[in-house]
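Everything numeric here is computed off the predicted structure, so don't read it as measured data. Letters go in sequence order (proteins before strands), and every chain restarts at 1.
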Amino acid sequence: MKMYVAETEKSVKNIVVDDMILTTDMPTSAGSRMLDGYMSLFEAQAVTKLKEAGYTVYAKANTGEFNLDLLGETSYYGAVEADGKLTTAAAQAVKTGETMAAVTLEVNGSGARAAALSGLVYVKPTYGTVSRFGTIPAVCSGETVSVTAADAATAKEVLWAIKGHDDKDGTSLPQEKCVADEVKEIKKVAIAKSLAAGEDAAKLEAVKAKLTAQGVEVVEIDAGELLLAKPAWNILMSAELCNNVSKYDGVKYGYRTPNYTDLDQLYTNSRTEAFGYLTKSTVLFGSETLSEANYYKVYDKAQRIRRVISEYLMKTFGEFDAVLGLVSSKSEYTLAQAQENKYIAYDESLYIAPAMITGIPVVVTGGVQLMGAPLTEAALLALAETL
Amino acid sequence: MKYETVIGLEVHVELATKSKIFCSCSAEFGAEQNDHVCPACSGMPGMLPIVNKRVVDLGMTAGMMLNCDINRVTTFDKKSYYYPDLPNAYQTTQWFSPICVNGRVDIETSKGPKSIRIKQIHMEEDAGKLVHDDWTDTTLVDFNRTSVPLIEIVSQPDISSAEEAIAYLERLRDLLRFAKVSDCRWEQGSMRCDVNLSIRPEGSDVLGVRTEMKNMNSLSAITRAIKYEIARHTRALETGCEELVQETRRWDDNEGKSYAMRNKETAGDYRYFPDPNIMPVVIDDEWLDRIEKSLPELPEVKRARYIDEMGLSEYDADILASSRALCDVFEDALAVCGNAKETANWIITECMQVLNKKKMTADMLAISGTSLGQLIKLVMEDKVSRPNAKRILAAMFENDIPDVEAYAKQSGFIVSNDTSFIENIVKEVIAADPKSVADFKGGKEKALMALFGKCMKQLKGNANPQVLREILIAEINKI
Ligand SMILES: [Zn+2]
């Protein structure tokens, strides 16, 4: 488990944040050689709020480069494996009891997957309820500061410590929405068949059985619309990532190649030497996506699909209090698998894409995900506590 | 064959806001290099853009001054390109839904009146500045100008000569300065212009090959560049000596020539897309009303009113109406003292003199019109002498003087109406200078002036000249 550790006394309320969340007493590197050892001049709003609430942010968990990957396998600092299985440093820190919770920037599902595969509770709150100020930008229209803990009560406690309106984030929701914690009883849950195929189908059955035993009505729905989320999300993700990492050009800070004689070489060689394969591929794909020739054919279409999925989900949440699905296709991954299929994260985003693209809240528990309407994370967490 | 010229102008104007467009750094010109910089405008990861509402105010103001429609929902987009003066490697601008569209600027040239249509006005951030250090042969970057707010005013290709281009730019500058949208200083780069030009056979409705000259920064250079390009295009079409290609050219004003820029510098796919960190700006009725109410009277309307209603000369009205600052001081002062001619004189003669001494322009007149009005009133009521009033005016340029009468009293500038006090001074002066008294009595008028001057000096200028003169003659006659 690779982590930076702050020179600070540990307390009873220790929190690990991931390498996408800026701190001023530890480097923030986004898992990238480009930002190796980068010290920020300011800290994330989430970190400030944690400190204000009496938590100690004592360590920094390694991530995949810009958190785009499956489970941290693209990190410049190496992947994290436990018992031969791939996991993230943040999830492993929670699982081993090293920390009471991990606060991470969810970009492409690695946080949700790591929690599901490690049997932890994870919550990605509604977009706009936790400030993104001070997080390394990757996919700004979807990325959300999330919490992983051993149980739902702890996840809720930590999440509510970091929620809140922030004037420094233009997409931040009004305060009353950010901290809304009305718990509506969950009576009817849908299983989205489109997100139910995978090795962990048994976990879905187990959750279904528990819900039914509690008197919750569980209905299977096709939800084929949700399959559109993956390609649309991959397009939006690559476009935004491409734009967001363009500022790392070797000029101002971060990695600068020693091999250059002119400006073009400075740019090209710095980026070639410092970015890993997944970032490079995503940049190329994103650049193509946003080109004049493709903007309306590709990027704009993905934005329209985003609206279609939002409308579909809103309609579904009119009928159901939550939608259940899997988080990944397999129940475990090895480093070799992730290295063999270099674009496995693009495939596996199938499960998390609906929530990433629409900004709805997700709670992972018992190895499956519960999606809810915007601002229903309190209800989802309350339900998770009973499972 | 006869050709006609088709010109469209893209004008960049730096907005007169205190702070930058997405952070709270000062937007002021002229600071030490990299003094106005923060993590946001130097492109450090983790900062999010927060739109400065004042920028939107000024964008709307510009649109209204140029008869535009205001888009009630306006969005910001990212324009990507690599250059070391652009710290994020993208510029935040408005591509899909600019704040203003479909405007009009009316100009007047030797050929008569004409309307130039405005295609759109959009808000965006400026880039930084590269500074080459010859001594160490390195290039350094100054981020002070990064994220300073700009508007870009894009005209339709309605301009057909250098004269029209200049008339359009001058009118644009007048309107924007009047509405305090920008100080529009070519020499400081707060007004810059890109010229798009093509020519075609007269009467044709097909556009010719267009060339663009970027970042022109003076009216005379623009005139020369347009004339040069028209000649170059015409020659190319007539003789075939050169193939015209659509390109960006650099104007070298010293050589009086334009040069094709390397293709690399100009060709580009900017990969525009909406900035997900900036929510669409929604302009409601209340906001629109507030800006509409803040619009100034147009300069020509003011000029006419100064002549027709206030009886000023055309000369005075022209000078006052040339600058919003002069108009503001004039109107505020007039409201207090009630004498238009006197007020105009004080501004055009006295205030301008102080400004000239300080090497400042009329736009920089920043004294309170209300205070000036109080001062003029004191002079009109013979409570303060003119020389002392000028001293008070000079003080007004240094500090705000809200109560001019109190200030005059405190500084000993109030004219004495106490004739016995004046008589005593006069007696002392006469007694000390019997020669001048004798000279005056002997018929030398100049001797009286010498005595008058000495008395005025003793009185520190605080006497009504007429009264002093009468007392002086009376006292001499007593001898
Ligand atoms: Zn700044």
Side-chain angles (χ1 to χ4, degrees), chain A residues 20-22 28 30 34-35 38 40-45 128 131-143 166-172 236 239-240 242-254 263-264 266-268 271 286-295 299-300 303, chain B residues 21-24 34 37-53 75-92 95-96 128 130 132 138-143 146 262 264-265 267-281:
Chain A
M20 296 291 280
I21 295 177
L22 294 168
T28 309
M34 184 54 93
L35 289 173
Y38 176 77
S40 176
L41 296 170
F42 58 97
E43 68 184 16
Q45 176 73 359
S131 171
R132 286 182 299 112
F133 177 83
T135 59
I136 303 241
V139 189
C140 298
S141 70
E143 65 199 10
D166 183 8
D167 284 337
K168 300 187 292 302
D169 177 354
T171 62
S172 181
L236 299 176
E240 288 187 41
C242 166
N243 171 268
N244 273 323
V245 302
S246 56
K247 60 161 71 72
Y248 311 121
D249 55 9
V251 173
K252 306 166 290 285
Y253 51 78
L263 189 59
D264 280 349
L266 169 67
Y267 286 152
T268 310
R271 293 164 64 83
S287 182
E288 194 58 24
T289 296
L290 288 175
S291 69
E292 225 178 306
N294 287 328
Y295 179 84
Y299 179 87
D300 191 61
Q303 285 285 37
Chain B
I21 183 167
F22 300 124
C23 63
S24 53
N34 288 312
V37 172
C38 74
C41 58
S42 57
M44 293 186 184
M47 296 296 287
L48 295 166
I50 302 298
V51 178
N52 178 348
K53 288 280 179 346
T75 56
F76 284 92
D77 309 297
K78 296 185 180 195
K79 173 183 181 179
S80 294
Y81 64 93
Y82 285 93
Y83 206 62
D85 67 2
L86 192 66
N88 276 318
Y90 60 81
Q91 178 195 29
T92 305
W95 180 253
F96 295 103
L130 294 185
H132 192 79
T138 47
T139 301
L140 300 168
V141 58
D142 176 7
F143 288 140
T146 310
R262 282 189 301 130
K264 220 172 162 188
E265 292 168 33
D269 184 333
Y270 292 120
R271 305 195 303 277
Y272 290 99
F273 77 108
D275 188 337
N277 284 321
I278 306 176
M279 295 282 106
V281 178

Contact part of [X] toward chain B, heavy-atom cut-off under 4.5 Å: side chain, backbone, both or neither?
| X | result |
| --- | --- |
| A:Tyr267 | side chain |
| A:Ser141 | both |
| A:Asn294 | neither |
| A:Ser287 | both |
| A:Gln45 | neither |

Please round to the nearest 0.5 Å and tell me the distance separating atom [atom1] of [X] and atom [atom2] of [Y].
| X | Y | atom1 | atom2 | value |
| --- | --- | --- | --- | --- |
| B:Cys23 | A:Lys168 | SG | NZ | 14.5 Å |
| A:Glu292 | B:Tyr270 | CD | OH | 10.5 Å |
| A:Tyr295 | B:Trp95 | OH | CH2 | 11.0 Å |
| A:Asp249 | B:Asn88 | CG | CG | 10.0 Å |
| A:Leu22 | B:Met47 | CG | CE | 10.5 Å |
| B:Tyr82 | A:Leu266 | OH | CG | 11.5 Å |

Heavy-atom proximity to chain A below 4.5 Å, by part of [X]:
| X | answer |
| --- | --- |
| B:Phe22 | neither |
| B:Thr139 | neither |
| B:Phe143 | side chain |

(message) Which residues pass the side chain to side chain contact (heavy atoms under 4.5 Å, CB included) test with B:Pro280, not counting sequence neighbours?
(response)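 B:Pro280 satisfies side chain to side chain contact (heavy atoms under 4.5 Å, CB included) with B:Val73, B:Thr75 once adjacent residues are dropped.
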
(message) Walk me through whether A:Tyr299 and B:Arg271 qualify under side-chain contact (heavy atoms from CB on, under 4.5 Å).
(response) CA-CA 10 Å; A:Tyr299 179 87; B:Arg271 305 195 303 277; over 6 Å; no

Nearest non-hydrogen partners of [X] and [Y], listed with the distance:
| X | Y | value |
| --- | --- | --- |
| B:Ile50 | A:Gly170 | CD1-N, 3.4 Å |
| B:Leu48 | A:Arg132 | CD1-C, 3.7 Å |
| B:Ala89 | A:Ser246 | CB-O, 3.3 Å |
| A:Tyr253 | B:Pro45 | OH-CD, 3.3 Å |

(message) Going by side-chain hydrogen bond (donor to acceptor under 3.5 Å, both in side chains), name the residues that satisfy it together with B:Ser80, two or more places apart in sequence or in a different chain.
(response) A:Asn243

(request) May I ask you to test the A:Phe42-B:Cys38 pair for a side-chain heavy-atom distance under 4.5 Å? (result) no

(message) Counting heavy-atom pairs closer than 4.5 Å to chain B, which one of A:Leu35, A:Thr171, A:Val139, A:Thr289 comes out on top?
(response)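 Top count of heavy-atom pairs under 4.5 Å with chain B: A:Thr171.
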
(request) Could you tell me whether a side-chain N or O of B:Asp269 sits under 3.5 Å from a main-chain N or O of A:Ser291, the two making a donor and an acceptor? (result)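 Not a single qualifying donor-acceptor pair exists.
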
(request) Give a yes or no on whether the backbone of B:Pro87 and the side-chain of A:Lys252 come within a donor-acceptor separation of less than 3.5 Å. (result) yes

